[in-house]
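Chain identifiers are assigned alphabetically (A, B, ...) following the order of the sequence lines, protein sequences preceding nucleic acid strands; residue numbering begins at 1 within each chain.
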Protein chains: 2
Amino acid sequence: MKQGRSRDIIRAGTTVEQMVRAISGLIVTGSLRPGDKLDEGSLAGRFEVSRTPVREALRQLGAMGLVKREPNRSAVVSTVDENHLNSMFEAMAELEGICARLAALRMTVDERRSIEAGHRASHRLIRDGAEDEYAAHNTRFHTALYLGAHNEHIYDLVTQTRARLAPFRRAQFHLPGRLVRSFEEHEAIVTAILRADAATAGNAAYAHVATVRTAAASVVANPQVFADL
Amino acid sequence: MKQGRSRDIIRAGTTVEQMVRAISGLIVTGSLRPGDKLDEGSLAGRFEVSRTPVREALRQLGAMGLVKREPNRSAVVSTVDENHLNSMFEAMAELEGICARLAALRMTVDERRSIEAGHRASHRLIRDGAEDEYAAHNTRFHTALYLGAHNEHIYDLVTQTRARLAPFRRAQFHLPGRLVRSFEEHEAIVTAILRADAATAGNAAYAHVATVRTAAASVVANPQVFADL
DNA sequence: GCCGCAAAAAGTGCATGCAGTTTTCCGTTT
DNA sequence: AAACGGAAAACTGCATGCACTTTTTGCGGC
């Protein structure tokens, strides 16, 4: 394989996989913004591969919903209108609620210990106002929640939804009071889970997303609000 | 486009789209069964196209979860172990519950009228024991439910889940009493929706899937039980 | 007979080329 | 100056070819 020179960076898997990672990386980090055109030739040149793996990557990203493809025209980073954005938030809230509910019932002792420890540790980040670190913690927290539901398929669905919201949730936590609020909401979820109180955990998680969603609604035009998923 | 001869059948869209439809058709209808290898060359020959569009189609089907791909080896129709199957059923139940709940709140007058009319009409199919026709009705019924939730993203998720279950729900409704049971459960859902009773509708839809799931559990080894989704 | 193992066969991964389509650019007309 | 039209440029869609990997095959050793 790899006839010409190789762009070893990100070394792992096939060229197509690298392209999928690379391109979705550009999208998720915001280097490419919704609506931007994805020209196969340019991408191929940029990563020093032929158009073939780029095409396959775009096809896959299309199936995942990150980009939109139409016959004979360039792929485009998916845009979402307000309606669709709302529908994704609503779906996210439902899914998070389900995960929290199931997690409250199914998490192992280790998992409970782990999510609690992580949550406690994040308190320090709040006080220090370490936004970036808190964002990283936040990602881990929610991932733990999704895994805690012990349902492979739901994990896939929620992860996928999360990925599609990713382009829209850059640069947050900068809103005043956001961190503290987030921590408190996490607290409610964790407490309920530790108590194995499924209903409360589910409602708290639903409300957690709903909070963000409400905030988002007030910033409709410039949808850059929601990191806290 | 299309340099050589053309396989016009299914005429529509690009060659890749045709391949996606064709291959997923083979999977959903059972011509290809879970675990079967999908050889690019053979498929290309069979449909008289080059390997390129076949590869892209397989890539897309992989992203959709219908087939599994690993580097340097043939794509394979996705198998699901018992765990994963259960997780998909559980997810389906949750999603159907959500859809029914939202549909009870959001369906337009026309939508309510339409789903009720369809349901009423299906009564005749029960009496006649028209299994195939009832299966078709059943698909429409559930689709109407999903659309009635008026949430684009949830529609995507549930449709996708449904597609992944498709290979496993061939040839059902043949179980004795299945049709009647299904009809009764639909009835409960419809009634609640017409009353705009969200909680009841949600529970009924959840239970509807749970019923099928239970039936499935008793047939673990040969997972050919669940048409009623 | 069966295990190992090397060579052949089959199959995937990617690059390249060309046909067809869309987009861009520019001169012409109104 | 804006609107139109058409040719050139840019780009997508697919076929084909070759390198590399996996699978199969066939044969000698045990």
Item to check | Whole-Å gap separating C1' (D/dA15) and CD (A/Glu56) | outcome: 14 Å
Checklist outcome for this item: NE2 (A/His142) and CG (A/Leu145) are apart, to the nearest 0.5 Å, by 7.0 Å
Item to check | All side chain to side chain contact (heavy atoms under 4.5 Å, CB included) counterparts of A/Arg46, not counting sequence neighbours | outcome: A/Leu26
Checklist entry - Do B/Arg112 side-chain atoms and B/Ala104 backbone N/O form a donor-acceptor pair below 3.5 Å? => result yes
Checklist entry - Reckon A/Thr52 touches a base, only the sugar-phosphate, or nothing at all at heavy-atom distances under 4.0 Å? => result base
Checklist entry - Considering residues at least two apart in sequence or located in another chain, which fulfil the side-chain hydrogen bond (donor to acceptor under 3.5 Å, both in side chains) criterion with A/Glu56? => result B/Arg55, B/Arg59
Checklist entry - Can you list the steps and then say if A/Phe47 with A/Gln18 is a side chain to side chain contact (heavy atoms under 4.5 Å, CB included)? => result CA-CA 10 Å; A/Phe47 295 110; A/Gln18 297 179 336; over 6 Å; no
Checklist entry - Just how far, in rounded Å, is C1' of C/dA15 from CE of A/Met19? => result 14 Å
Checklist entry - What residues, two or more places apart in sequence or in another chain, satisfy side-chain hydrogen bond (donor to acceptor under 3.5 Å, both in side chains) together with B/Asp39? => result B/Ser42
Next on the checklist: Any residue in residues 57-71 of chain A with a heavy atom nearer than 4.0 angstrom to DNA chain C? Just list them by number, or reply none.
Outcome noted: none
Item to check | Partner residues of B/Arg69 under the side-chain hydrogen bond (donor to acceptor under 3.5 Å, both in side chains) criterion, sequence neighbours left out | outcome: B/Glu40
Next on the checklist: Once salt bridge (Lys or Arg N to Asp or Glu O under 4.0 Å) is applied, do any residues pair with B/Asp110, and if so which ones, sequence neighbours excluded?
Outcome noted: B/Arg113
Item to check | Under-4.0 Å side-chain N/O to phosphate OP1/OP2 contact, A/Arg73 with D/dC11 | outcome: no
Checklist entry - Who passes side-chain hydrogen bond (donor to acceptor under 3.5 Å, both in side chains) against A/Glu90, sequence neighbours left out? => result B/Arg106, B/Asn151
Checklist entry - Side chain of A/Arg51, base of D/dG13: donor and acceptor closer than 3.5 Å? => result yes
Item to check | B/Arg140: partners by side chain to side chain contact (heavy atoms under 4.5 Å, CB included), with sequence neighbours left out | outcome: B/Ala136, B/His137
Item to check | First of B/Lys37 and B/Pro53 reached from the 5' end of DNA chain D, by closest nucleotide | outcome: B/Pro53
Checklist entry - If you check the B/Ser50 side chain, which of D/dT22, D/dA15, C/dT21 turns out closest? => result D/dA15
Item to check | Listed partners of B/Phe141 passing ring pair (Phe, Tyr, Trp, His ring centres under 6.0 Å), at least two apart | outcome: B/His186
Next on the checklist: Can you see if the side chain of B/Ser74 gets near the phosphate of C/dT12 - specifically, an N or O under 4.0 Å from OP1 or OP2?
Outcome noted: yes
Checklist entry - Which residues pass the side chain to side chain contact (heavy atoms under 4.5 Å, CB included) test with B/Thr159, sequence neighbours left out? => result B/Tyr155
Next on the checklist: Heavy atoms within less than 4.0 Å of DNA chain D: which residues of residues 39-46 of chain A have one? Give them sorted by number.
Outcome noted: A/Asp39, A/Glu40, A/Gly41
Checklist outcome for this item: A/Asn72 atom CG is separated from C/dT23 atom P, nearest whole Å, by 9 Å
Checklist entry - What is the distance, rounded to the nearest whole Å, between atom CD of B/Gln18 and atom P of D/dA15? => result 11 Å
Checklist outcome for this item: Atom CZ of A/Arg55 and atom P of D/dT16 are separated, to the nearest Å, by 16 Å
Next on the checklist: If the cut-off is 4.0 Å, is A/Thr15 near the phosphate of C/dG13, judged by side-chain N/O to OP1 or OP2?
Outcome noted: no
Checklist entry - To the nearest Å, how far apart are B/Glu48 CD and D/dA15 P? => result 11 Å
For nucleotides 5-9 of chain C, which of its nitrogen or oxygen atoms have a protein nitrogen or oxygen under 3.5 Å away, and what is each distance?
none

